Amino acid sequence: MEVVLTHNEPINTEECPKPEKSHKRSKISRDVETDIELLYKAVPQIGKVFRIIDKIGEGTFSSVYLGEAQMHDGSRQKFALKHLIPTSHPTRIAAELQCLTLAGGQENVMGVTYCFRKEDHVVIVMPYLEHKAIVDIISSLSFEEVRLYIYNLLRALKHIHQFGIIHRDIKPNNFLYNRKTKEYALVDFGLAQGTADTQIDLLKVSRSHRGSGSPVKTQRANKSRPLPPHTHPTASTSAPLPPPVSASTSSSTISRKVIPKRRTVTGGSTARSKHSKDLSGLRKVQRPVFGERNINSCTQVSATTKATSAQTEFVKVAKAEDPANRRYLSAGRGSAALKSQGANQKPQRAVPLGVTCSCFQTDRVCNICLSRKQQIAPRAGTPGFRAPEVLTKCPNQGTAIDVWSAGVILLSLLSGRYPFFKASDDLIALSQIMTIRGSRETIQAAKAFGKSIVCSRELPRQDLRVLCETLRGHRPSPDDDDYVTPLPQNNGTVSGKPPIPDETPTHRPIEEQVKPEDTYDNTSLHTGHMETEQWDGGWGGVPDEAYDLLDRLLELNPAKRITAADALTHPLFTDLIQLT
Ligand code: ADP
Ligand code: MG
Ligand code: ZN
């Protein structure tokens, strides 16, 4: 057993009460109780320091627990304990820790307090930041809160990007926000990668370790191996530790990951006017704007074709290359190469050199292409937040991919929809992006980074303000019966008024509210109007700067995309710039 204290704040290990099974535990489920017992068994030292109260997060690669420790001064402090799956690759674990220790504890990046290891069990202990899932608060966020949230996210991104860390999984679940204390913390460096000049040694290691970048997820899922001594996860974290992020200890409310229900209507048609009508039909419905029915990996492409036929009949991504060379380049050509993440995926048979085909730049994928090996490019993350260069498997990916994800978050917050894009497959995700940003524009940007996309139908670029206001229900068509003149401009400050939780029609299932795609119109829905009597959270006066920043974050070409550092000096944040 090794216990490594990486922080000098004392914890009174003698007096910490033994974990109790009785009272506070009564509310947690049996499964959680069992998991907690298993954790105490796997890493007994944990029980000497912490009383584990609940499980607060569970992902593919970790379980996160809320723990409490008694401090020397007699106070009790809460901590988040992240138990990594024992099959995690040692280098990955070490790299995650090194990101937290070197870049964490400042600038809205979570720090690390302790690390425990016994055999292949590693537990990272962090200050606990109480927070709620974004899906639970999105409808009550004021514009000012959204502005501050994005500003603080960009601060965290600027900071980690200065260290040469690409987070690769930027999404609200990984950016904790405490509304009461206005604290923010970027967490989860489990998929992080280094830039070419990264300051994080272990990201350099994992960079070369991964060769040209095989998917990180595969790395993390590697079969169990005990940690060899030289890769002890804390051995390399000898640098002085930054102070931990201060965390709220006042309440024991525990947030849980919320898995949004799949929506059943694919929105959008190609014509702008029709599209806004469709969007207004989706107003105030707390569902993704985009989604899909079928997440079966084998039949994805054809299922997708059907499910999204209103928007894109077929999308195919190919490497832009001289057709004469095509036969030498096996991967990334057929769309099948893009749906590579299924766990049940079998290694594909390589196509012999010299075999060529005639499907290039057509909207079909031939059998030859289907059997080609995938192009190797990092592709970790969550499909709905993935940048176009990630979705198209561009091998040169940089910090700009995190900026894109921040753009998707801003789009989500401005439109009041979370998640905004819900896609289980990269092609679906790409077609959803094209529906917002335009197919021609996407194709052109992809060309710039060496990819060719074929899309059977042209999708016009949406005006971001029109899109967000329509989805928010702040832009009813003037021919609506209940058309209400939008509220006068609000100065965007909270001004002491509490945000008004949006309740009324939101919770009805979408099926009750909208007719099937293509047939529904907004006359059946009168859910979008604002209550003119009440404060609108500043949503009636969103400045143009917000949409300008959104446009720059969601720049399709990573080379032209704004950086986090530049985004912080954007006019939207003029009054905040002095604070940085
Ligand atoms: P995973 O790699 O499994 O996604 P994360 O590091 O993202 O693990 O943690 C999962 C969840 O646990 C987060 O979304 C968050 O809700 C919770 N969590 C993680 N770290 C903390 C922390 N320091 N304070 C409070 N909650 C946390
Ligand atoms: Mg996470
Ligand atoms: Zn082909």
Side-chain angles (χ1 to χ4, degrees), residues 6-7 32 35 39 50 52-69 77-89 92-93 95-101 103-106 108-115 122-137 153 156 160 165 167-181 183-193 216-217 219-221 233 242-260 380-385 402 405 409 418-419:
T6 56
H7 184 253
V32 169
D35 288 352
L39 179 59
F50 297 98
I52 300 176
I53 300 167
D54 202 352
K55 189 187 251 189
I56 52 175
E58 168 133 44
T60 320
F61 305 111
S62 78
S63 296
V64 181
Y65 297 88
L66 171 66
E68 195 181 55
Q77 200 163 311
K78 289 197 172 104
F79 293 88
L81 288 81
K82 180 169 179 172
H83 180 210
L84 302 168
I85 55 156
T87 51
S88 303
H89 194 284
R92 273 316 312 174
I93 298 173
E96 179 167 359
L97 262 169
Q98 204 171 42
C99 290
L100 288 166
T101 52
Q106 46 187 317
N108 302 328
V109 180
M110 180 54 73
V112 59
T113 315
Y114 305 90
C115 183
V122 175
V123 177
I124 299 174
V125 181
M126 299 163 272
Y128 174 68
L129 180 61
E130 193 191 330
H131 62 282
K132 288 204 169 119
I134 208 81
V135 72
D136 292 336
I137 59 170
L153 172 61
I160 63 162
I165 300 171
H167 185 281
R168 301 200 64 90
D169 200 12
I170 296 297
K171 56 181 176 182
N173 283 355
N174 289 335
F175 188 60
L176 315 183
Y177 167 44
N178 184 310
R179 262 179 122 171
K180 265 183 250 151
T181 61
E183 283 174 285
Y184 306 85
L186 180 61
V187 299
D188 197 357
F189 289 85
L191 298 175
Q193 284 190 329
V216 181
K217 286 202 169 180
Q219 288 293 326
R220 290 185 85 186
V245 174
S246 63
S248 161
T249 55
S250 56
S251 159
S252 60
T253 310
I254 288 152
S255 75
R256 294 174 185 287
K257 276 187 178 171
V258 175
I259 300 157
T382 308
F385 294 93
D402 291 341
S405 307
I409 297 178
Y418 181 80

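One-based numbering along the sequence shown. Small disclaimer: the values here were computed from a predicted structure and weren't measured. Whatever order the structure lists them in is the order used to number ligands and atoms, beginning at 1.
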J.: Would a distance-only check, ignoring hydrogens and angles, find a side-chain to backbone donor-acceptor pair under 3.5 Å from Ser405 to Phe385?
T.: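 Judged by distance alone, yes, a pair lies under 3.5 Å.
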
J.: Under 4.0 Å from a heavy atom of Leu176: which atoms of ligand 1 are those, numbered in the order shown and with their elements?
T.: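 Near Leu176, the atoms of ligand 1 are 15 (C), 21 (C), 22 (C), 24 (N), 25 (C), 26 (N), 27 (C).
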
J.: Among Leu176, Val64, Val109, which one satisfies side-chain contact (heavy atoms from CB on, under 4.5 Å) with Val187?
T.: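 Looking at Leu176, Val64, Val109, the match for Val187 under the side-chain contact (heavy atoms from CB on, under 4.5 Å) is Leu176.
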
J.: Using a 3.5 Å cut-off on N or O atoms only, is Asn173 in polar contact with ligand 1?
T.: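 By distance alone, the answer is yes.
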
J.: Using a strict cut-off of 4.0 Å, indicate which atoms of ligand 1 neighbour a heavy atom of Val64.
T.: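 Answer for ligand 1: 9 (O), 10 (C), 12 (O), 18 (N), 19 (C).
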
J.: Give a yes or no answer on whether the side chain of Asp402 reaches the backbone of His167 with a donor-acceptor pair at less than 3.5 Å.
T.: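 Checking the backbone N and O of His167 against the side chain of Asp402, a donor-acceptor pair under 3.5 Å is found.
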
J.: For ligand 1, is there an atom lying under 4.0 Å from some heavy atom of His131?
T.: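 Yes, that is the case, since the closest heavy atom of the residue is under 4.0 Å from the ligand.
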
J.: Hey, which atoms in ligand 1 end up nearer than 4.0 Å to a heavy atom of Gly59?
T.: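 Numbered from 1, ligand 1 contributes 3 (O).
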
J.: Under 4.0 Å from a heavy atom of Ala80: give me the atoms of ligand 1 that qualify, with their elements.
T.: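 Those of ligand 1 that fall under 4.0 Å from Ala80 are 21 (C), 22 (C), 23 (N), 24 (N).
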
J.: Met126 versus ligand 1: do any nitrogen or oxygen atoms come within less than 3.5 Å of each other?
T.: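 Met126 vs ligand 1: no N/O contact under 3.5 Å.
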
J.: Provide the number and element of each atom of ligand 1 under 4.0 Å from a heavy atom of Met110.
T.: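 Answer for ligand 1: 22 (C), 23 (N).
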
J.: Does Ile134 reach the side chain of Ile409, with side-chain heavy atoms less than 4.5 Å apart?
T.: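 Answer no - side chains too far apart.
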
J.: State whether the shortest distance between N or O atoms of Leu129 and N or O atoms of ligand 1 falls below 3.5 angstrom.
T.: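 Yes; the residue has a nitrogen or oxygen that sits under 3.5 Å from a nitrogen or oxygen of the ligand.
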
J.: With heavy atoms of Tyr128 as the reference, note each atom of ligand 1 found under 4.0 Å away.
T.: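 Result: 24 (N), 25 (C).
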
J.: I'd like to check which ligand 1 atoms, numbered from 1 as shown, lie under 4.0 Å from a non-hydrogen atom of Lys82.
T.: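 Counting from 1, the qualifying ligand atoms are 1 (P), 2 (O), 5 (P), 6 (O), 8 (O).
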
J.: Specify which N/O/S atom of Asp188 comes nearest to the Mg ion (ligand 2), by atom name.
T.: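 Minimum-distance N/O/S atom of Asp188 relative to the Mg ion (ligand 2) is OD2.
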
J.: Looking at every non-hydrogen atom in both residues, tell me the closest pair between Ser62 and Lys82 and how far apart they are.
T.: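 Looking at all heavy atoms of both residues, the closest pair is OG-CE, 3.4 Å.
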
J.: Could you check if a side-chain atom of Cys115 sits within less than 4.5 angstrom of a side-chain atom of Leu97, using non-hydrogen atoms only?
T.: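 Cys115 reaches Leu97 side chain to side chain.
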
J.: Suppose we screen for side chain to side chain contact (heavy atoms under 4.5 Å, CB included). Which residues come up paired with Val123, at least two apart in sequence or across chains?
T.: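 In terms of side chain to side chain contact (heavy atoms under 4.5 Å, CB included), with neighbours along the sequence ignored, Val123 is linked to Leu39, Val43, Ile46, Leu81, His83, Phe116, Val125.
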
J.: For a side-chain contact (heavy atoms from CB on, under 4.5 Å) check, start with the C-alpha distance between Leu186 and Asn108, then their side-chain angles and the critical distance, and finish with the verdict.
T.: CA-CA 6 Å; Leu186 180 61; Asn108 302 328; 5.9 Å; no

J.: Between ligand 1 and Asp188, is the shortest N or O to N or O distance under 3.5 Å?
T.: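 Yes; the residue has a nitrogen or oxygen that sits under 3.5 Å from a nitrogen or oxygen of the ligand.
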
J.: So does Asp169 get a backbone contact from the side chain of Asn174, meaning a donor-acceptor N/O pair under 3.5 Å?
T.: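 A pair under 3.5 Å: yes.
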
J.: Which of the atoms of ligand 1 are close to Ser62, meaning less than 4.0 Å from one of its heavy atoms?
T.: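 Ligand 1 atoms under the 4.0 Å threshold to Ser62: 1 (P), 2 (O), 3 (O), 8 (O).
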
J.: Could you tell me which residues satisfy ring-ring contact (aromatic ring centres under 6.0 Å, His included) with Phe175, sequence neighbours excluded, listed by chain and number?
T.: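 If we apply the ring-ring contact (aromatic ring centres under 6.0 Å, His included) test to Phe175, skipping adjacent residues, the hits are Tyr149, Tyr184.
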
J.: Is Ala185 close enough to touch ligand 1? Criterion: a residue heavy atom under 4.0 Å from a ligand atom.
T.: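 For ligand 1, residue contact (heavy atoms, under 4.0 Å) with Ala185 is absent.
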
J.: Compute the shortest N/O to N/O distance between Asn174 and ligand 1 and return yes if it is under 3.5 Å, no if not.
T.: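 Min N/O separation from ligand 1 is below 3.5 Å for Asn174.
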
J.: Quick check on the Mg ion (ligand 2): does Asn173 put an N/O/S atom closer than 2.8 Å to it?
T.: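 Looking at Asn173, which is the residue asked about, there is no N, O or S atom under 2.8 Å from the Mg ion (ligand 2).
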
J.: Below 3.5 angstrom, do we get any N/O pair linking Glu96 and ligand 1?
T.: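 It does not: no N or O of Glu96 is found under 3.5 Å from an N or O of ligand 1.
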
J.: Check this for me: does any side-chain nitrogen of one of Glu130 and Lys78 sit under 4.0 Å from a carboxylate oxygen of the other?
T.: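 Judged by the 4.0 Å cut-off on N to carboxylate O distance, Glu130 and Lys78 do not form a salt bridge.
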
J.: I need the contact type for Pro127 against ligand 1. Using non-hydrogen atoms and a strict under-4.0 Å cut-off, is it side chain, backbone, both or neither?
T.: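 Pro127 to ligand 1: backbone contact only, side chain stays beyond 4.0 Å.
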
J.: May I ask you to decide if Ala192's main-chain N or O and Arg92's side chain share a donor-acceptor pair within less than 3.5 Å?
T.: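 Indeed, once roles are kept as given, a pair shorter than 3.5 Å links the two residues.
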
